[in-house]
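Okay, structure first, notes after.
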Amino acid sequence: MTLSSPNSMPVKFCLLIALFFFSAAVPLQVQADDLREDSIVGQLPIDTPFLAVSRLHREQYEAIKSNPAIQKLIHLEAFQNQWNRRDKKKLQVTIEADEALEIEVEGDEKSVEVEVDVDTQNFDDFLKGLKKTEHGEEALAFLKDAASHEVFVYGDSSWVTMPKSFQFVINTMQRFSGSSSDLTDDEKAAKLLEKLKTLPIQQYLNIQLPNIVFGCQVEDEQRAQKLFGQLKESLEEQLENSDDEAVQAYRDSYQVQMVDGVEYLTIKIPGSWIPFYLIDRSQMTRNQEALLEFFLDGIRKRSFIMAFGVRDHSVLLSLGGDLKHLNRPTGEKRLIDHPHMAKLLEMADQKVTSITYLSEAMAQVGWNKERNLKGYENWAQEIRSQSEESEGIAKVISDQAAEDVVEFGRDLQQFQAKPGAHLGYSLMTPEGLDRVSYNWSEHPERDGSQPLTILDHVGGHPILVVAGRKAYRPEVYEFRSKWLTRTWWYINKGVLAFYPEGANERYIYAAILDQIRPHVIEFDRITRELFVPAFNDGQVALVIDAVDLRDEPNELIKEDFPTYPYLPQVGVIWGISDREKLVEACDGYRKALNQLLVKASVMSPDDTDPVVILKPTADEVEGGTLYHQDLKKMIAEGQNEIPILPVGVVSDNLAAITSDKNFAMKVLESNKLTIDSPIENIDQPMSCFSHVDLAKLWNLMEPYAKQGIEQQLKSEEINSDEAEISRAMWDVLKQLKSVSSTTVKEDDAWIQRSHIRFGEVEARESE
């Protein structure tokens, strides 16, 4: 394993920002963790469609910085030397002979190329330069303040009303156009214009640029207001005194406006500035041009407004079509009073570090079962219109496609689940970071009604396990099978249309289809009658582990892999409901595929023996059956590289494909999962579970990582200082201990709880 250079700019840049804004700052008083009063969530209207908040940056930074591994890294003399070293880069410069420089050139050369060292502009250089400006000290203090609390972005209700009104107008145009097929283009334009003028004016007023607000919270509102006033004076002075035409063009657009008692600096870009004169109208009829002007008049009345202000300890930058959303809500019309927010308020006394929210109205923008079906019907109508000019096979395909498009839309409706609201928040805990997400959408494909018993067969303590249970839905296969069959029909018709009548290729293609068709039908029968019903249980798990063969007591494993220090173990496990059907299905697939391979070899011009899938060796063991190839025999035959030979496992309640016999036996054993995680109850009913044991992964990788560092040092790819930093950075990486997640159904919401667990290492002197 090769670690990246400690001089890499991403590492230095991230650490530089953190150290500057927090280490050099005078300790600030942390805001009280009161979401109702101190968070932006308590200052937004209840119909806010989306919100993202990042909080408690200073506390998070202090928790990370206090880790012994981080402390060891940043106090290394080698790290300090690397940090303070100014970055330089080579820049190749071409100097022309006629420039005011004393250079010498040979013969008829007109220029010479030289390489010079150029100081790169680091972020700390920018900060030092800012500090020297007139209000630099206050600006830096403001940046530190702003970086310590909340940073957020949210939208207003226009994100919901605008798409709905826009879709309403578009649907009206589509319906009218479809019912006016006998009119000329000019008559259609005139009739459509009359129709559009009768629509409610509010539908047009709602079509504007949706408003979005970026902002942050500060503790020292007076300092923020002071800087705001200085910015206002500076802008007004520049607009008043500048002779630049570009600056003067914005003079009339700049205003200071009051919204809900708060002063905002605003720049308004009217829609009339858009160069509509570039639109080519030479081919338009009079009524078409009138219809175009109807829409352009509406655009000219719209504006893009950028507003900047300070309100209630918040610095806001608004972009959109108006400023009404900057009015503060009153009474119980705040977002924090929404029933969904009750889940968040239950955690208000803890350290909430981030919040995300998506309203039900926002999630359902563009979603409508009936409208979606109407779209397929309109698509079918277009196909029918085009098929009137077709003939022969092309017309047959078009006519059938028009019917199938509508039927496909109807079939697809049964799988269109209703979207709902989302709420997520993160908590800083003594062990690490917790994330909780609530999802009120419909998820008929999930099943969270039972515990995941498959976790008892993942080997006890794997590096990674991802398990879940899906609802048994045979209609999903029926839908796929039906439309794959229809698609195959179109492919066949297309191929026949490509070759002329009587062409030899048509007969060859038909002959191949006759040979394949019975086997495709057999595959479909086996899947429908045997394979799909065998997996009624719905559980599935992916497991990744590794065995250190030097410490492995199993002598058979050591004998099979005498030169391999580690044995990666991978398995995919399914819960099954009918063992006999699964075994019969797999054997049926093998036989049907072998028959197809034999036919393919007979039809092949090469005289070769057919490839046949051999029946695997079946070993009856305690708890089930192992299906495998003879690995020892392959090694005895002189194969130097160990091939990937999966081992199949079948028992009464599970089936698996694993990478080796040893892991297959673990799957059959009832070996309850044991993990080091904050998850309280793995035996509860749940839909999904995942866990990554990073501590175990680091332990496996550490000898190779340290060996790689020593090899780089020996080959002089890195120096002793860089090697020392790399060892310390490896200790930092080891602070990530595990990542776990569960998904359960409670009341009407799907809840996902995730845990990122950190740890500490003992600070020790560098080697």
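Legend: residues meeting ring-ring contact (aromatic ring centres under 6.0 Å, His included) with His340, ordered by chain and number and at least two apart, are His338, Trp440. With sequence neighbours excluded, no residue satisfies salt bridge (Lys or Arg N to Asp or Glu O under 4.0 Å) with Glu221. Checked against salt bridge (Lys or Arg N to Asp or Glu O under 4.0 Å), Glu289 has the following partners two or more places apart in sequence or in another chain: Arg281. In this view, Arg757 and Asp676 satisfy the salt bridge (Lys or Arg N to Asp or Glu O under 4.0 Å) rule, not counting sequence neighbours. In terms of the side-chain hydrogen bond (donor to acceptor under 3.5 Å, both in side chains) criterion, Asp220 has no residue partners (sequence neighbours excluded). Phe294 is linked by a ring-ring contact (aromatic ring centres under 6.0 Å, His included) to Tyr204, counting only residues two or more places apart in sequence or in another chain.
Distance check: Lys226 NZ to Leu231 CG gives 14.5 Å after rounding to the nearest 0.5 Å. Atom OG of Ser441 is separated from atom CZ of Arg446 by 8.5 Å, given to the nearest 0.5 angstrom. Within the model, atoms OG1 of Thr48 and OH of Tyr357 stand 8.0 Å from one another, a figure rounded to the nearest 0.5 Å. Between the OH atom in Tyr425 and the CZ atom in Arg55 there is a gap of 13.0 Å [rounded to 0.5 Å]. The distance from atom NZ of Lys268 to atom CG of Leu323, rounded to the nearest 0.5 Å, is 9.0 Å.
Annotation for Asp260 and Arg328: closest pair O-NH2, 2.7 Å, computed over non-hydrogen atoms. Considering all non-hydrogen atoms of both residues, Ile40 and Ser314 come closest at CD1-OG, 4.4 Å. The two atoms that bring Ile207 and Arg302 nearest to each other are O-NE, 2.7 Å, heavy atoms only. Here the shortest heavy-atom pairing between His755 and Asp434 reads ND1-OD1, 3.0 Å. Summarising the geometry of Leu433 relative to Ser426, their closest heavy-atom pair is CD1-CB, 4.4 Å, with the distance given to 0.1 Å. Nearest heavy-atom pair, Ala63 versus Met428, reported as atom, atom and distance to 0.1 Å: CB-SD, 4.5 Å.
In this structure, a donor-acceptor pair under 3.5 Å is absent between the side chains of Glu150 and Ser54. Side-chain polar atoms of Asn67 and Gln735 form a donor-acceptor pair below 3.5 angstrom. Remark: the Arg753 side chain and the Thr743 side chain contain no N/O donor-acceptor pair separated by less than 3.5 Å. At a cut-off of 3.5 Å, with distance as the only test, a side-chain donor of Ser165 or Asn206 sits close to an acceptor on the other residue. Between the side chains of Gln43 and Asp312, no donor-acceptor pair of N or O atoms lies under 3.5 Å. Side-chain atoms of Gln752 and Ser741 include a donor-acceptor pair closer than 3.5 Å. A donor-acceptor contact closer than 3.5 angstrom links the side chains of His325 and Ser318. Between the side chains of His443 and Glu445, at least one donor N or O sits under 3.5 Å from an acceptor N or O.
The residues Lys324 and Asp156 are annotated as not salt-bridged, no charged nitrogen and carboxylate oxygen being separated by less than 4.0 angstrom. Looking at Glu138 and Arg223, no side-chain N of the basic residue comes within less than 4.0 Å of a carboxylate O on the acidic one, giving no salt bridge. Contact check on Lys232 versus Glu236 returns no salt bridge, with no Lys/Arg side-chain nitrogen under 4.0 Å from an Asp/Glu carboxylate oxygen. Ion pairing between a basic and an acidic side chain is recognised when a charged N comes within 4.0 Å of a carboxylate O; Arg300 and Glu293 show such pairing.
Counting only distance, with no hydrogens or angles, the side chain of Ser66 and the backbone of Glu62 share a donor-acceptor pair below 3.5 Å. In this structure a side-chain-to-backbone donor-acceptor pair under 3.5 Å is missing from Ser303 to Ile305. Of the possible polar contacts, none joining the Gln225 side chain to the Gln222 backbone as a donor-acceptor pair under 3.5 Å is found. A donor-acceptor pair is defined here as one N or O able to donate and one able to accept, closer than 3.5 Å; such a pair exists between the side chain of Thr285 and the backbone of Gln288. Looking at Arg311, its side chain does come within 3.5 Å of a backbone N or O of Leu326 through a donor-acceptor pair. The backbone N or O of Gln217 lies less than 3.5 Å from no partner atom in the side chain of His313, so there is not a single donor-acceptor pair.
Test Phe152, Tyr154, Trp159 against Phe50 for ring-ring contact (aromatic ring centres under 6.0 Å, His included) and you get one pass: Trp159.
Gln71 has its side chain within reach of Lys65: a pair of non-hydrogen atoms, C-beta onward, lies under 4.5 Å apart.
The aromatic ring centres of Tyr438 and Trp750 sit 6.0 Å or more apart.
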